[in-house]
Amino acid sequence: MGMFERDTDIYRDRDALREDYQPEQLVGRDEELDTYQTTLQPVINGEQPNNVFLYGKTGVGKTAATRYLLDHLQSDAAEYDDIDLSVVMLNCDGLTSSYQIATRLVNEFRDDTDQISTTGYPRAAVYDMLWNELDTNGGTILIVLDEVDHIEDDSILYQLPRARANGNLETAKTGIIGISNDFSFREDLSPKVRSSLCEEEIHFPAYDATELQQILQQRADVAFHESVLEEGVIRLCAAYGAKDAGDARQSLDLLMKAGDIARDDSAEHVIDEHVRQGRTSLERGRIREGIGGLTQHGHLVLYAVLTLDQQGKTPVRSRDVRPRYTSMAERAGINPLVTRRMRDHLSELIMLGILDVTERNEGRRGGTYREYSVSMDPELIISAMADTVELVGIHESIEKLLERESTSTLQDYQ
DNA sequence: ATTCCACCGGAACGTGTGGGGG
DNA sequence: CCCCCACACGTTCCGGTGGAAT
């Protein structure tokens with residue numbers, strides 16, 4: 001027997017729980033798929049494709065539906081000699097500008113050996129390269145921009161649909177499929193862009209609890225061997241996704257995590273307890289990821305709120321976070337940021353789900369302000385920070401603070 | 001209805017970093 | 001080598017906001 005043994009596995013096909021798994025049937029999206037299919041029809045007819053705008057919360061099947069239909073579209077298009085269809089899918093997460101999108105698109109069309117840098121060129125030069133690539137490729141080109149709301153300027157969304165009219169493209173017919181979690185993104189678009197990008201709109205509503213359970217069941221049937229899942233596991237995972245507005249992805253991630261934990265335990269069944277452990281583990285990962293991406297100052301601000309929380313001083317308004325933050329910065333030998341900037345860091349921590357905020361208004365006497373509190377187990381955050389953050393002297397301060405917590409002598413920090 | 005508080009958050013501007021092309 | 005470009009992160013300035021107080 002070697003060092004590695006095959007796990008006696010509860011899984012039949014674990015990949016069925018992965019996000020990129022493509023089930024043969026999409027649950028609960030019949031209407032949306034119908035409309036979607038109709039808007040793609042022109043492609044098969046060899047006409048100029050429609051631009052489509054899909055919106056709906058995360059994990060409601062927008063991307064899945066797109067992949068599903070485009071797969072079919074591509075294989076069906078292959079039946080017709082006069083149709084030359086290319087599909088480019090680009091996730092805009094982490095890309096903030098049209099410029100970034102343009103460079104990525106150029107690279108999508110280019111050989112691995114011929115990639116361009118994502119910075120450095122004049123904007124117009126990148127667009128020229130893009131038109132060039134599109135025209136060289138030719139035919140019908142569908143460009144899917146997933147999470148398109150991450151782009152902060154309209155430019156590419158304005159340019160792409162008009163490229164042909166503006167004489168930048170000769171042969172290629174392009175269609176854009178924009179996918180967004182954020183409906184307000186649509187409102188923020190300039191009217192010209194909105195009318196072209198959003199000529200067809202499809203709304204994906206959140207899954208309800210029943211649909212979520214159906215989806216989980218469908219995947220679980222493939223993923224696990226029979227009767228591995230204990231009664232209630234599916235329901236628990238579905239509830240987890242449902243609390244955050246019908247998010248199937250979250251539910252599936254959790255189910256997979258629970259399965260993995262069960263497997264590590266060499267358990268024969270996945271039980272509620274595994275799901276609960278999975279939740280903590282996912283949560284931990286999320287925090288770690290969020291914290292890893294913070295600036296030094298972001299860490300200091302977080303530390304400030306954490307220590308205040310440990311002293312029972314939360315919820316705390318930004319005004320009262322400030323002195324703690326400055327003294328933290330001093331300890332670390334770093335110049336503290338200006339108040340305005342500190343508030344930005346607080347907001348960022350909220351976006352990451354690490355802090356909570358409530359808006360308060362005391363009117364003429366007190367004015368409006370926000371109160372911050374720690375939104376999850378401080379121990380989790382502290383352990384994540386200990387791993388990802390290097391700030392001389394600060395960890396020690398925190399640890400002392402936590403120890404002294406019990407003896408409640410905290411003058412040091414007053 | 002109007003005033004006023006306190007701070008929120010947008011916007012314009014500055015600086016440092018890293019990659020371009022010629 | 002030079003100067004150009006985009007971008008992340010900060011600072012400065014300031015108009016906006018919503019509800020208690022008047």
Side-chain angles (χ1 to χ4, degrees), chain A residues 90-107 110 112-133 147 149-159 182 184-185 187-190 289-305 308 313-326 328-330 332-352 354-373 388-391:
Chain A
L90 182 65
N91 191 306
C92 305
D93 186 21
L95 310 177
T96 52
S97 62
S98 289
Y99 182 92
Q100 296 284 356
I101 306 296
T103 58
R104 297 309 194 283
L105 285 176
V106 169
N107 282 338
R110 290 206 177 185
D112 276 351
T113 56
D114 196 23
Q115 302 274 295
I116 64 169
S117 158
T118 57
T119 56
Y121 302 100
R123 175 186 291 245
V126 176
Y127 280 161
D128 281 343
M129 288 189 243
L130 180 56
W131 308 141
N132 223 316
E133 294 303 328
E147 306 194 48
D149 47 311
H150 287 76
I151 317 176
E152 276 156 22
D153 69 284
D154 281 3
S155 153
I156 189 114
L157 299 178
Y158 181 79
Q159 295 288 342
D182 179 6
S184 68
F185 172 73
E187 314 299 318
D188 295 341
L189 292 171
S190 74
E289 206 173 298
I291 288 177
L294 293 175
T295 341
Q296 235 176 6
H297 287 289
H299 295 137
L300 289 170
V301 172
L302 177 52
Y303 266 135
V305 180
L308 287 163
K313 291 183 180 168
T314 48
V316 59
R317 56 197 294 177
S318 61
R319 171 211 275 184
D320 300 326
V321 175
R322 175 102 190 131
R324 177 62 54 86
Y325 158 71
T326 41
M328 285 282 174
E330 215 164 282
I334 297 167
N335 281 358
L337 296 178
V338 107
T339 310
R340 173 72 184 84
R341 190 68 189 125
M342 187 195 76
R343 282 208 305 268
D344 279 345
H345 282 295
L346 283 169
S347 306
E348 199 180 343
L349 289 166
I350 289 156
M351 292 229 296
L352 291 171
I354 297 173
L355 297 185
D356 272 335
V357 68
T358 32
E359 220 105 346
R360 315 262 299 161
N361 192 338
E362 312 257 304
R364 193 171 181 171
R365 192 183 47 203
T368 36
Y369 57 92
R370 310 167 89 204
E371 281 189 332
Y372 303 89
S373 50
T388 43
V389 182
E390 72 315 315
L391 278 174

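Reminder, nothing fancy here: chain letters follow the sequence lines and each chain counts from 1. Predicted model only: the values in this text are computed from it and were never measured.
A distance-only check finds no donor-acceptor pair linking the side chain of Tyr99(A) to the backbone of Val126(A) [under 3.5 Å]. His345(A) contributes no side-chain N or O that, together with a main-chain N or O of Leu302(A), makes up a donor-acceptor pair within less than 3.5 Å. Looking at Ser117(A), its side chain does come within 3.5 Å of a backbone N or O of Thr119(A) through a donor-acceptor pair.
By the 6.0 Å contact criterion, CD on Glu289(A) is open, its count of non-hydrogen atoms from other residues, nucleotides or ligands being 12 or less. Surrounding CG of Asp93(A) are more than 12 heavy atoms belonging to other residues, nucleotides or ligands, all under 6.0 Å away.
At a threshold of 4.0 Å, the pair Asp320(A)-Arg324(A) does not count as salt-bridged, since none of the basic side-chain nitrogens sits closer than that to a carboxylate oxygen. Taking 4.0 Å as the cut-off between side-chain N and carboxylate O, Arg317(A) and Glu371(A) do not count as a salt-bridged pair.
What separates CG of Leu337(A) from P of dT15(B) is a distance of 17 Å, to the nearest Å. Straight-line distance from the CZ atom of Arg123(A) to the P atom of dG20(B): 18 Å, rounded to whole Å. Glu348(A) places its CD atom 14 Å from the P atom of dG9(B), with the value rounded to the nearest Å. Look at CZ on Arg364(A): it is 8 Å from C1' on dT2(B), rounded to the nearest Å. In this structure, the CG atom of Asp128(A) is 15 Å from the C1' atom of dG20(B), given to the nearest Å. If you measure from atom CZ of Arg341(A) to atom P of dT15(B), you get 17 Å, rounded to the nearest angstrom.
Within 4.0 Å (heavy atoms only), Arg365(A) reaches sugar-phosphate atoms of the nucleic acid but no base atom. Here Thr339(A) lies out of heavy-atom contact (under 4.0 Å) with every strand. The residue Gln100(A) sits close only to the backbone: its heavy atoms come under 4.0 Å of sugar-phosphate atoms, none of a base.
Projected onto DNA chain C by closest heavy-atom contact, His345(A) and Ala124(A) fall at different nucleotides, the more 5' of which corresponds to Ala124(A). For the pair Asp344(A) and Ser117(A), both in contact range of DNA chain B, the more 5′-proximal nearest nucleotide belongs to Asp344(A).
Residue Arg340(A) places no side-chain N or O under 4.0 Å from the OP1 or OP2 atom of dA11(B). Distances shorter than 4.0 Å separate some side-chain N or O of Tyr121(A) from OP1 or OP2 on dG21(B).
Here the straight-line distance linking atom CD1 of Ile156(A) with atom CD of Gln100(A) works out to 11.0 Å at 0.5 Å rounding.
In 5' to 3' order, the nucleotides of DNA chain C bounding all contacts with chain A (an atom under 4.0 Å from a heavy atom) are dC5(C) to dT22(C).
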So Thr103(A) and Tyr121(A), side-chain hydrogen bond (donor to acceptor under 3.5 Å, both in side chains) or not? Walk me through it.
CA-CA 9 Å; Thr103(A) 58; Tyr121(A) 302 100; over 6 Å; no

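For the contact set between residues 314-323 of chain A and DNA chain C, defined by any heavy atom under 4.0 Å, there are no members.
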